[in-house]
Amino acid sequence: MFKMSNHPNFRAIHHQTLAEIPICLGEFSMGIAFGWLAPMIRDILDDPKSEISANEDQCSWLASLLEFGRAFSPLLTLLLLDILGRKIMLQISSTIFFAIWLIITFTRSIVTLCVTFFFFGLGIGIFNAASAVYIGENSSPNLRGIFCSACTTAFYISALIQYIISGYLPYRVLAITNLIMALVCLTSTLLYVESAQFLILRGRFEKAEKNMMWLKGTVDKEDIATEFEAIKANIESEKEKKTSYKELLKAPANYKSLLIVLILNMAHASTGNAALFTYISIIFPPNKFFTWYQVTVYFGISQMTFSLLASVVIEKYNRRTLTLFSFTMFLLCHSTAAYFFYDADHNSSPIRFGVWVIFGSVCTFSGCSAVLDSVMHMLRGELFPQSIKPIGTGLTVVARSLMEFVTIKIFLMIRSQYGTYANFIAYAAISLISVLFCYFVLPETRGKTLIEIQNSLERQTPNTSSQNEDEEQLFDEQ
């Protein structure tokens with residue numbers, strides 16, 4: 001929607017970067033929670049002196065309720081995103097993150113922690129839905145990919161920090177440390193800049209013009225006049241379509257964009273990244289090469305390294321190419337890990353260096369998943385037109401969160417009944433299906449404005465009603 005120059009000037013880059021800093025810190029706040037879970041679950045299950053007492057089933061609920069809570073929040077976000085705005089919704093989510101860590105600091109009850117993480121998930125869902133819209137509307141086409149990958153990197157840096165410091169800090173000190181970091185992230189929300197799209201939608205044209213000029217790095221209204229009028233015209237056009245979401249989703253281009261984003265996000269969630277992220281500290285078979293703490297830290301390093309790589313390659317390679325590459329690597333890594341996990345479970349003398357192969361496969365998968373996270377983040381903001389952007393983004397977060405909830409909740413159950421390898425066989429099968437889907441269906445969006453992407457989707461989607469009328473006319477003539 002927000003068409004900005006494909007080659008923004010230095011002031012525009014500087015201003016847009018300032019506006020995106022709180023988004024990165026919001027992702028950092030989310031990473032704190034996800035990174036805290038893995039070593040905490042290990043501590044609860046294996047350390048008899050742990051401050052929290054819980055069994056394996058309770059730990060699975062603690063881990064999965066975060067995703068379950070995230071699945072519910074878009075229902076609230078859908079109602080408020082076009083009423084309160086992107087800025088206020090993002091500030092609300094950061095406030096929730098801070099409040100949750102305040103509660104965690106003083107509780108030792110597994111039940112309280114489960115309830116707390118459910119509400120943490122609600123805040124994450126609000127942030128996910130609002131941030132995708134915010135980045136898509138406030139960033140130039142050539143900067144969107146960099147900003148999205150920077151957010152992903154911030155998330156994995158935060159998780160890595162949790163992996164490292166959890167081995168040295170007791171529960172209370174770690175919680176207070178996380179509380180301080182969450183406070184810093186909350187303070188940064190003062191830097192948010194409301195998007196021109198929302199302000200125009202609410203009839204605040206003067207403020208919209210001012211914000212757009214600041215993001216463009218100009219003081220001359222003439223520099224944005226053409227683009228500003230194009231945005232107004234586009235939003236007015238989308239307003240006319242807003243009869244009901246049911247009618248909107250019947251539009252072929254809208255339906256296609258929603259289907260693509262939903263399937264890709266559900267596929268990514270079903271390949272096991274959330275489960276491995278949560279249980280990395282307990283899934284490896286006993287071995288003499290490395291401890292669970294080392295595995296967890298190396299796992300975090302691989303995610304952070306690949307997410308940094310994503311910021312370099314994301315605007316140099318097509319989104320479609322990166323998506324195909326990632327799912328292909330998922331297929332290879334999961335197939336390899338499944339074989340060697342099976343070998344470790346069923347042979348008294350497993351292949352000597354099998355654990356190294358598993359370690360390499362898991363870390364490579366986690367790294368490629370970090371790259372795909374950036375691409376998925378961009379697609380949520382790029383493929384949806386203004387008329388369905390709130391519901392499209394919300395439904396995507398719901399679908400992905402529910403899939404991740406399922407994969408986290410059943411991981412330990414499948415591991416107990418069939419073996420760890422069975423999880424990886426399922427992940428490999430889903431990866432194969434995802435490769436085929438991307439090859440035949442996924443369009444390219446790199447370097448295009450949001451309006452250009454929607455025009456491209458409409459051209460690629462046949463006008464079914466017009467086609468049916470032509471067929472009826474031909475039948476009558478015959």
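Ring pair Tyr156/Phe277 is tilted by interplanar angle, where 30° to 60° counts as tilted. Between Tyr427 and His334, the two ring planes are tilted [angle within 30° to 60°]. Ring-plane geometry between Phe118 and Phe68 is classed as tilted, the angle between the planes lying from 30 to 60 degrees on a 0 to 90 degree scale.
A donor-acceptor pair under 3.5 Å is formed between the side chain of Ser366 and the backbone N or O of Cys363. Between the Thr278 side chain and the Ala274 main chain, a donor and an acceptor come within less than 3.5 Å of each other. Under the 3.5 Å distance criterion, the side-chain polar atoms of Ser64 are left unmatched by any main-chain donor or acceptor of Lys409. Although no hydrogens or angles enter the test, the distance criterion places no donor-acceptor pair under 3.5 Å between the side chain of Arg415 and the main chain of Thr420. Using a distance-only test at 3.5 Å, with no hydrogens or angles considered, no donor-acceptor pair links the side chain of Ser401 to the main chain of Val398. Judged by distance alone, the side chain of Gln58 and the main-chain N or O of Asn55 form a donor-acceptor pair under 3.5 Å. Not a single donor-acceptor pair under 3.5 Å links the side chain of Arg86 to the backbone N or O of Ser195.
With a 4.5 Å cut-off on side-chain heavy atoms, Ile23 and Phe147 do not count as touching. A 4.5 Å side-chain heavy-atom check between Leu18 and Ile21 finds at least one atom pair inside the cut-off. When side chains are defined from C-beta on, Thr291 does not count as touching Phe284, because their heavy atoms never get closer than 4.5 Å. Counting heavy atoms from C-beta on, the side chains of Ile44 and Met40 come closer than 4.5 Å. With contacts defined as side-chain heavy-atom distances shorter than 4.5 Å, the pair Tyr171/Leu174 does not qualify. In this structure, the side chains of Phe127 and Ile96 stay at 4.5 Å or more apart for every pair of heavy atoms. In this structure, the side chains of Pro39 and Gln162 stay at 4.5 Å or more apart for every pair of heavy atoms. Using a 4.5 Å heavy-atom cutoff, the side chains of Cys185 and Ser94 are not in contact.
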Practice item. Show your working on side-chain contact (heavy atoms from CB on, under 4.5 Å) between Phe28 and Met181 and close with a plain yes or no. Key: CA-CA 9 Å; Phe28 188 92; Met181 289 190 287; 3.7 Å; yes
Practice item. Before giving the answer on side-chain hydrogen bond (donor to acceptor under 3.5 Å, both in side chains), spell out for Thr336 and Ser361 the whole-Å C-alpha distance, their side-chain angles and the decisive distance to 0.1 Å. Key: CA-CA 7 Å; Thr336 304; Ser361 298; 4.5 Å; no
Exercise for review: Please assess Phe299 against Leu160 for the test side-chain contact (heavy atoms from CB on, under 4.5 Å), listing each intermediate value before the final yes or no.
Suggested key: CA-CA 8 Å; Phe299 180 82; Leu160 176 59; over 6 Å; no
Exercise for review: I would like to know whether Glu27 and Ser158 meet side-chain contact (heavy atoms from CB on, under 4.5 Å); could you show each step before the answer?
Suggested key: CA-CA 8 Å; Glu27 291 280 350; Ser158 175; over 6 Å; no
Practice item. Show your working on side-chain contact (heavy atoms from CB on, under 4.5 Å) between Arg400 and Met376 and close with a plain yes or no. Key: CA-CA 11 Å; Arg400 176 164 180 167; Met376 293 294 104; 4.1 Å; yes
Exercise for review: Might you work through the ring-ring contact (aromatic ring centres under 6.0 Å, His included) test for Phe340 and Tyr421, ending with a clear yes or no?
Suggested key: CA-CA 8 Å; Phe340 284 97; Tyr421 72 93; over 10 Å; no
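Summarising the geometry of Ser73 relative to Gly125, their closest heavy-atom pair is OG-CA, 2.8 Å, with the distance given to 0.1 Å. Here the closest heavy-atom approach between residue Cys438 and residue Arg320 is recorded as O-NE, 3.6 Å. Across all non-hydrogen atoms, the minimal contact from Asn211 to Leu199 is ND2-CD1, 3.4 Å. Minimum interatomic distance between Met403 and Ala269 (heavy atoms only, all atoms of both residues): CB-CB, 3.7 Å. In terms of heavy-atom proximity, Leu84 sits nearest to Met89 at CD1-SD, 4.0 Å. Here the closest heavy-atom approach between residue Glu56 and residue Leu412 is recorded as CG-CD1, 3.6 Å.
Here the options are Val362, Asn423, Ile408, the test is side-chain contact (heavy atoms from CB on, under 4.5 Å), and the partner is Leu276; only Val362 passes. Under the side-chain contact (heavy atoms from CB on, under 4.5 Å) test applied with Ser326, the options Val375, Leu372, Leu331 reduce to a single match, Leu372. With respect to Trp36, the ring-ring contact (aromatic ring centres under 6.0 Å, His included) criterion is satisfied by exactly one of Tyr163, Phe120, Trp101: Trp101. Of the residues Tyr279, Phe97, Phe155, the one that meets the ring-ring contact (aromatic ring centres under 6.0 Å, His included) test with Phe34 is Phe155.
A donor-acceptor contact closer than 3.5 angstrom is absent between the side chains of Thr271 and Ser431. In this structure, a donor-acceptor pair under 3.5 Å is absent between the side chains of Gln197 and Asn138. Side-chain N/O atoms of Asp43 and Ser50 include a donor and acceptor closer than 3.5 Å. Side-chain contact, Glu20 with Ser139: a donor N or O sits under 3.5 Å from an acceptor N or O.
Taking the centre and axis of the six-membered ring of Phe405, the NZ or CZ atom of Arg70 falls outside the cone set by 45° and 6.0 Å.
The number of heavy-atom neighbours closer than 6.0 Å to CZ of Phe359, taken from other residues, nucleotides and ligands shown, is above 12. Shown here is Tyr293, whose OH atom has more than 12 heavy atoms of other residues, nucleotides or ligands within 6.0 Å. Within 6.0 Å of CZ on Phe437 lie more than 12 heavy atoms contributed by other residues, nucleotides or ligands. Surrounding OH of Tyr298 are at most 12 heavy atoms belonging to other residues, nucleotides or ligands under 6.0 Å away.
With rounding to the nearest 0.5 angstrom, the OG atom of Ser166 is 11.0 Å from the CG atom of Leu37. How far CG of Leu81 is from CG of Leu90: 8.5 Å, rounded to the nearest 0.5 Å. Atom CD1 in Ile425 sits 12.0 Å away from atom CD1 in Ile430 (nearest 0.5 Å). To the nearest 0.5 Å, the span separating CG on Leu432 from CG on Leu332 amounts to 12.5 Å. Rounding to the nearest 0.5 angstrom, the gap separating the CD1 atom in Ile32 from the CE atom in Met30 is 11.0 Å. Atom OH of Tyr192 is separated from atom OG1 of Thr189 by 6.5 Å, given to the nearest 0.5 angstrom.
Between Phe330 and Phe327, a ring centre-to-centre spacing shorter than 6.0 Å is recorded.
Electrostatic pairing of Lys87 and Glu194 does not count as a salt bridge here, judged by no charged N lying under 4.0 Å from a carboxylate O.
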